[in-house]
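The structure under discussion appears below in the form of structure tokens.
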Protein chains: 2
Amino acid sequence: MTEQKVEAVERALLILEAFQEGEEELPLSTLALKTGLYKSTILRLCASLERFGYLRRGENGSFRLGPTLWRLGSLYRRSFDLGEQIRPELRRLVEATQETASFYVREGEERICLYRLNSPRAVRHHLDEGARLPLHSGAAGRVLLAFDGAQDEISQTIRGQGFGITRGDRDPEIAAAAVPVLDNRGRLRGALSVSALLNRFDSAAEKRALDALQESAERLRGALSRD
Amino acid sequence: MTEQKVEAVERALLILEAFQEGEEELPLSTLALKTGLYKSTILRLCASLERFGYLRRGENGSFRLGPTLWRLGSLYRRSFDLGEQIRPELRRLVEATQETASFYVREGEERICLYRLNSPRAVRHHLDEGARLPLHSGAAGRVLLAFDGAQDEISQTIRGQGFGITRGDRDPEIAAAAVPVLDNRGRLRGALSVSALLNRFDSAAEKRALDALQESAERLRGALSRD
DNA sequence: CCTATCGTTCTGTCAAGCAGAACGATGTTC
DNA sequence: GAACATCGTTCTGCTTGACAGAACGATAGG
């Protein structure tokens with residue numbers, strides 16, 4: 001069938017898409033510029049978005065994202081039923097490796113960063129929770145593919161060794177190691193990864209990362225159950 | 001002026017409102033029941049929501065919340081520009097008190113829980129990030145009001161003593177202590193709180209919570225700057 | 001004072017969106 | 001195995017929701 005849609009809804013969502021990192025507030029005219037919508041259209045759409053808490057309007061007329069997004073976003077993350085053990089494991093990983101640690105889940109052909117703890121070092125691979133990244137690149141992406149049934153040669157290798165390591169795959173300056181997180185029934189729940197600048201990821205660092213990752217995944221396996 | 005709205009947009013947002021804790025997936029017929037919308041209407045609206053990543057559709061036709069909510073929700077939280085110091089302070093608070101620690105911000109006449117770390121105890125005041133709570137009750141709500149300009153007598157008392165304590169205010173079985181978090185310019189950025197079951201919040205526990213809260217707020221004051 | 005730009009209001013036009021029936025598929029009960 | 005119930009899907013006539021975009025008042029800048 002022909003792809004259905006509701007134009008007005010997509011216009012409203014276009015407005016929400018206009019907000020990006022570092023742009024906390026957007027005035028009406030900037031929204032018009034970014035979305036290509038008429039100001040009168042934006043005002044109508046924003047009235048509805050505001051009523052449901054997706055936007056807030058300041059006294060100066062500027063718009064910013066509203067708390068409903070945080071509420072539903074948190075609900076989304078909790079829908080993965082991961083309990084409260086992920087973050088302590090990320091902390092252990094950061095302590096063991098001094099690098100950034102993250103947890104991803106697969107969503108279609110993307111991976112979503114649900115949890116992350118950045119390295120305390122000033123020069124680091126910075127990453128934000130909420131980030132959407134490709135599945136077919138980066139250690140975590142490849143691990144998610146491999147443990148979710150992919151049959152290509154790389155996936156078979158990753159499954160065989162139980163982890164993935166990439167250097168300069170998704171980002172030319174970043175190296176990463178990742179392991180799958182399975183629950184007590186052996187089902188894939190996500191991927192843990194440690195990422196670092198390439199020049200810091202020598203073989204000793206690699207071993208340290210893998211050891212820590214595997215220990216964390218093992219503990220998580222015990223903690224994650226689905227009745 | 002008359003309140004503007006876009007009906008189709010509000011219908012779409014109604015669909016997103018249908019999702020609640022513990023209901024990861026909702027089939028079409030349940031959405032129809034919960035929203036009062038016709039199934040054909042829901043399918044059209046959901047096609048647009050899905051296209052923008054607000055919903056995912058499983059192979060069995062059931063809907064669940066999508067990753068865009070997590071991405072925008074994370075963006076919303078980061079728009080408060082709180083850096084990465086909140087969570088370590090929450091951890092310190094939980095370690096010092098063995099109770100649940102949270103951080104709230106004010107949004108209009110509500111407070112939003114941006115960060116929380118639940119107590120490790122089995123019997124505890126459980127709370128989820130993303131929760132929206134009233135401003136006029138609970139220690140954290142009263143502290144936010146007091147340090148954001150409220151002139152009533154309770155607010156003046158709280159400002160004078162620099163913290164708020166409630167027992168059985170919002171929830172009859174819960175006690176809470178809260179302090180304001182100000183930045184290095186003295187502006188209110190949020191409220192830190194510790195909450196516990198009433199019967200565990202004797203005067204020794206109260207003192208322990210307040211001491212830990214004030215230390216955390218002091219460290220956060222040094223860490224939060226806004227140029 | 002003039003000009004530019006912002007946000008706000010208004011309304012005629014038209015096609016977007018809805019209601020809701022009909023249908024096929026699947027599951028349940030007897 | 002048949003009948004029934006419930007699910008999700010498709011289709012279309014009709015109504016009104018939503019838009020485009022002009023006009024306006026307020027504010028800022030030169």
Side-chain angles (χ1 to χ4, degrees), chain A residues 1-20 22-66 68 76 79 107-108, chain B residues 1-20 22-66 68 76 79 107-108:
Chain A
M1 53 115 193
T2 169
E3 278 286 21
Q4 294 185 106
K5 67 174 175 175
V6 178
E7 292 255 13
V9 171
E10 302 212 352
R11 283 195 178 95
L13 303 183
L14 213 54
I15 292 172
L16 295 177
E17 292 298 306
F19 289 87
Q20 289 174 357
E23 295 179 305
E24 294 163 33
E25 288 197 335
L26 292 178
L28 177 62
S29 53
T30 304
L31 276 179
L33 235 76
K34 285 190 149 208
T35 61
L37 300 169
Y38 282 97
K39 290 181 282 185
S40 52
T41 300
I42 292 172
L43 285 175
R44 246 190 339 270
L45 295 163
C46 285
S48 294
L49 289 170
E50 201 178 341
R51 184 169 298 117
F52 280 73
Y54 287 75
L55 287 180
R56 286 285 185 179
R57 194 141 194 223
E59 288 184 8
N60 59 349
S62 282
F63 295 91
R64 53 186 187 82
L65 295 177
T68 297
Y76 167 79
S79 73
E107 275 286 12
Chain B
M1 52 120 193
T2 170
E3 279 285 22
Q4 292 185 106
K5 67 174 174 175
V6 177
E7 294 254 12
V9 171
E10 302 212 353
R11 284 194 177 95
L13 303 184
L14 212 56
I15 292 173
L16 295 178
E17 291 298 306
F19 290 86
Q20 289 173 356
E23 295 178 306
E24 294 163 31
E25 287 199 336
L26 293 177
L28 177 62
S29 52
T30 305
L31 276 179
L33 235 75
K34 284 189 148 209
T35 60
L37 300 170
Y38 282 95
K39 290 182 282 185
S40 52
T41 299
I42 292 172
L43 285 176
R44 247 189 341 270
L45 294 165
C46 286
S48 293
L49 289 170
E50 202 179 339
R51 186 169 295 117
F52 280 72
Y54 288 74
L55 286 180
R56 287 284 187 180
R57 192 139 195 227
E59 287 185 9
N60 58 350
S62 282
F63 296 92
R64 52 186 187 82
L65 296 177
T68 298
Y76 167 80
S79 74
E107 274 285 13

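Just so we're on the same page: letters track the sequence lines, and every chain starts at 1.
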Atom-pair distance ([atom1] on [X]; [atom2] on [N]), nearest Å:
X	N	atom1	atom2	answer
B:E10	C:dG17	CD	P	15 Å
B:E50	D:dG8	CD	C1'	14 Å
A:I42	D:dA20	CD1	P	10 Å
B:Q4	C:dG7	CD	P	15 Å
A:L45	C:dG17	CG	P	11 Å
B:L49	C:dG17	CG	C1'	15 Å
B:N60	C:dT26	CG	C1'	13 Å
B:E59	C:dA25	CD	P	19 Å

- In a check of side-chain contact (heavy atoms from CB on, under 4.5 Å) between A:K34 and each of A:L31, A:T30, A:L37, which one passes? A:T30
- Message: Please determine whether side chain to side chain contact (heavy atoms under 4.5 Å, CB included) holds for the pair B:E107 and A:T68, giving the CA-CA distance in whole Å, both sets of side-chain angles, and the decisive distance to 0.1 Å.
- Response: CA-CA 11 Å; B:E107 274 285 13; A:T68 297; over 6 Å; no
Looking only at the side chain of [X] (C-beta and beyond, no hydrogens), which of the listed nucleotides [options] gets closest?
X	options	answer
A:K39	D:dG21, D:dC7, C:dC6	C:dC6
A:E7	C:dG17, C:dT8, D:dG8	C:dG17
A:V6	C:dT8, D:dG8, C:dC18	C:dC18

Any [X] side-chain N or O less than 4.0 Å from OP1/OP2 of [N]:
X	N	result
A:S29	C:dT5	no
B:Y38	C:dG20	yes
A:R11	D:dC19	yes
B:T41	C:dA19	yes
A:R44	C:dT11	no

- Message: Quick check: on DNA chain C, is the nucleotide nearest B:S40 upstream (toward 5') of the one nearest A:K5, or the reverse? Name the residue that is more 5'.
- Response: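 This one resolves to A:K5.
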- Task: Go through the steps to decide whether A:E24 and A:R64 satisfy the test side chain to side chain contact (heavy atoms under 4.5 Å, CB included), and finish with yes or no.
- Result: CA-CA 6 Å; A:E24 294 163 33; A:R64 53 186 187 82; 5.6 Å; no
- Step by step, work out the side chain to side chain contact (heavy atoms under 4.5 Å, CB included) result for A:Y54 and B:V9. CA-CA 12 Å; A:Y54 287 75; B:V9 171; over 6 Å; no
- Message: Checking the side chain of B:R51 only, and the main-chain atoms of A:Q4 only, is there a donor and an acceptor separated by less than 3.5 Å?
- Response: yes
- Residue closer to the 5' end of DNA chain D, B:S62 versus A:A8 (nearest nucleotide): B:S62
- Message: Using a heavy-atom cut-off of 4.0 Å across all strands, would you classify B:L43 as base, sugar-phosphate, or nothing?
- Response: base
